[in-house]
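Because only heavy atoms are used, hydrogens play no part in the values below, and waters and symmetry mates are left out as well, while side chains stay in.
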Amino acid sequence: MKVNYHIDLESYRLDKVRQDLESREVTRSRRLLKEDIPGNFAILEGQGIRSLQQLSDALKTKKKLAEFSRASGLSEDYLVLLKREVGSYTPKPFNLSKVPATDPEFIDKFEAVGIKNTRHLFDRGQTRSERAQLSRQTGLPESAVLEMMRIADLSRIWGVGPFFTRILYEAGYDSVQAVAVADLDKMYQEVNQVNKEKGYTPIMASKGEVGMCIDYAKLLPVAVEY
């Protein structure tokens, strides 16, 4: 039975979303989200919102968002930003070709069997037997398939894009389980050291964002048989 790529949004409670937003750094364009967080979230609760799933559903379409704005009194500008924030909890798959330090041969051979992004690989390589089959189909060694499967597993975590997956992998945090049990101070130091040595990205995650990665990883279902 296949495991979900994302967390269970229904079990992620609204008060946890509020705590995340209080601790998270936001860009200048999203500063509206930081204004009166307790008051705004009290309004959300007053509208019957109790979970991330309910919040996502309420803001799902432009029409629903406008209706929710009228009913709640929260501005559409605020709700548009909140919708984007909600979307960050379900990271979009990214192409394997975007992951730095990946052998182009891997990319070509995976694409030849219909695997272009992290979700494609996640769905087809969760078990050892599936990875052995992929090895036969692609002609890649099982070690290469496993390496990319670990990248696909890490891609499920909040805030982890192509560059940070590689950084996590090279820092030794090569699975969702490894991130979930990580010590924040140690992990923050190690990922920064990897990036300092390799120069993968000029903008690294803050310590608070790394902490959110750890917290999010704890909620993801264990999916990959290692």
Side-chain angles (χ1 to χ4, degrees), residues 1-9 56 60 83-84 86-180 182 187 190-192 194-205 209-210 212-214 216-217 219-226:
M1 181 174 134
K2 293 298 182 183
V3 175
N4 251 345
Y5 189 74
H6 299 121
I7 62 170
D8 177 6
L9 298 184
S56 176
K60 193 168 187 178
K83 179 180 179 179
R84 291 175 188 166
V86 169
S88 73
Y89 287 88
T90 51
K92 290 181 172 57
F94 49 80
N95 286 349
L96 298 177
S97 60
K98 293 186 179 297
V99 181
T102 299
D103 190 326
E105 181 186 15
F106 295 3
I107 307 303
D108 292 341
K109 292 192 171 182
F110 277 126
E111 287 187 354
V113 296
I115 295 174
K116 292 186 177 182
N117 63 41
T118 50
R119 181 62 184 267
H120 294 157
L121 183 53
F122 176 80
D123 286 342
R124 290 176 59 179
Q126 291 177 22
T127 67
R128 294 189 186 97
S129 61
E130 286 175 332
R131 292 195 296 275
Q133 183 178 10
L134 280 176
S135 177
R136 292 190 295 271
Q137 290 174 335
T138 60
L140 292 170
E142 287 190 38
S143 60
V145 176
L146 177 59
E147 175 185 338
M148 297 311 296
M149 186 61 207
R150 288 186 180 277
I151 293 290
D153 191 18
L154 291 169
S155 75
R156 304 160 60 210
I157 301 172
W158 175 91
V160 176
F163 290 94
F164 202 44
T165 52
R166 178 59 71 185
I167 292 167
L168 284 170
Y169 179 82
E170 293 193 10
Y173 301 95
D174 57 4
S175 68
V176 163
Q177 297 98 304
V179 173
M187 179 173 162
E190 289 174 343
V191 296
N192 274 279
V194 167
N195 192 53
K196 182 179 178 181
E197 293 172 359
K198 300 295 182 68
Y200 285 131
T201 177
I203 303 174
M204 271 294 290
E209 289 169 334
V210 172
M212 283 191 64
C213 289
I214 294 172
Y216 188 100
L219 299 170
L220 280 166
V222 175
V224 184
E225 178 186 18
Y226 289 119

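Going from atom CG of L96 over to atom CG of D108 covers 11.5 Å, rounded to the nearest 0.5 Å. The line from OH of Y89 to CG of L9 is 10.5 Å long, rounded to the nearest 0.5 Å. Atoms CD1 and CD1, from I157 and I7 in turn, are 11.5 Å apart once rounded to the nearest 0.5 Å. If you take CH2 on W158 and CG on L219, they are separated by 13.0 Å, rounding to the nearest 0.5 Å. Distance CD1/I167 to CD/E197: 11.5 Å, rounded to 0.5 Å. To the nearest 0.5 Å, the span separating CZ on F110 from NE2 on H120 amounts to 13.0 Å.
A 4.5 Å side-chain heavy-atom check between T165 and T118 finds every atom pair outside the cut-off. In this structure, Y173 and C213 have side chains that are not in contact, with every pair of non-hydrogen atoms separated by 4.5 Å or more. Annotation: side chain of V160 is not in contact with side chain of V179 (no heavy-atom distance under 4.5 Å).
The two residues P162 and P100 have their closest heavy-atom pair at O-CD, 3.5 Å. Contact between Q177 and V224 at its shortest, heavy atoms only, is NE2-O, 4.1 Å. For the pair M149 and L121, the tightest heavy-atom approach, listed with the atom from each and the gap, is SD-O, 3.5 Å. P91 and Y5 make their closest contact through O-CE2, 3.7 Å (heavy atoms, listed as atom of the first residue, atom of the second, distance).
At distances below 3.5 Å, at least one donor-acceptor pair connects side-chain atoms of R156 with backbone N or O atoms of N4. A donor-acceptor pair is defined here as one N or O able to donate and one able to accept, closer than 3.5 Å; no such pair exists between the side chain of Y200 and the backbone of F164. Judged by distance alone, with hydrogens and angles left aside, the side-chain atoms of S155 form no donor-acceptor pair with the main-chain N or O of P93 at under 3.5 Å. Of the possible donor and acceptor atoms, none in the side chain of R131 sits under 3.5 Å from a partner among the backbone N and O of L146. With hydrogens and angles ignored, the 3.5 Å screen pairs a side-chain donor or acceptor of E130 with a backbone N or O of Q126. Distance alone, capped at 3.5 Å, is enough to place a donor-acceptor pair between the N117 side chain and the R119 backbone. Remark: side-chain polar atoms of D153 are paired, donor with acceptor, to backbone N or O of V176 under 3.5 angstrom.
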Check step by step if side-chain contact (heavy atoms from CB on, under 4.5 Å) holds for M148 and L140.
CA-CA 11 Å; M148 297 311 296; L140 292 170; over 6 Å; no
Test V99 against F94 for side-chain contact (heavy atoms from CB on, under 4.5 Å), laying out the working first.
CA-CA 9 Å; V99 181; F94 49 80; 3.6 Å; yes
Worked verdict on T102 versus R166 for side-chain contact (heavy atoms from CB on, under 4.5 Å):
CA-CA 9 Å; T102 299; R166 178 59 71 185; 2.9 Å; yes
Evaluate I115 against L134 for side-chain contact (heavy atoms from CB on, under 4.5 Å), listing each step before the verdict.
CA-CA 10 Å; I115 295 174; L134 280 176; 3.7 Å; yes
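Classification of R136 and E142 as a salt-bridged pair fails, no side-chain N sitting under 4.0 Å from a carboxylate O.
Annotation: K116, atom NZ; neighbour count of heavy atoms from other residues, nucleotides and ligands within 6.0 Å does not exceed 12.
Cation-pi geometry between R150 and Y226 is met: under 6.0 angstrom from the ring centre, within 45 degrees of the axis.
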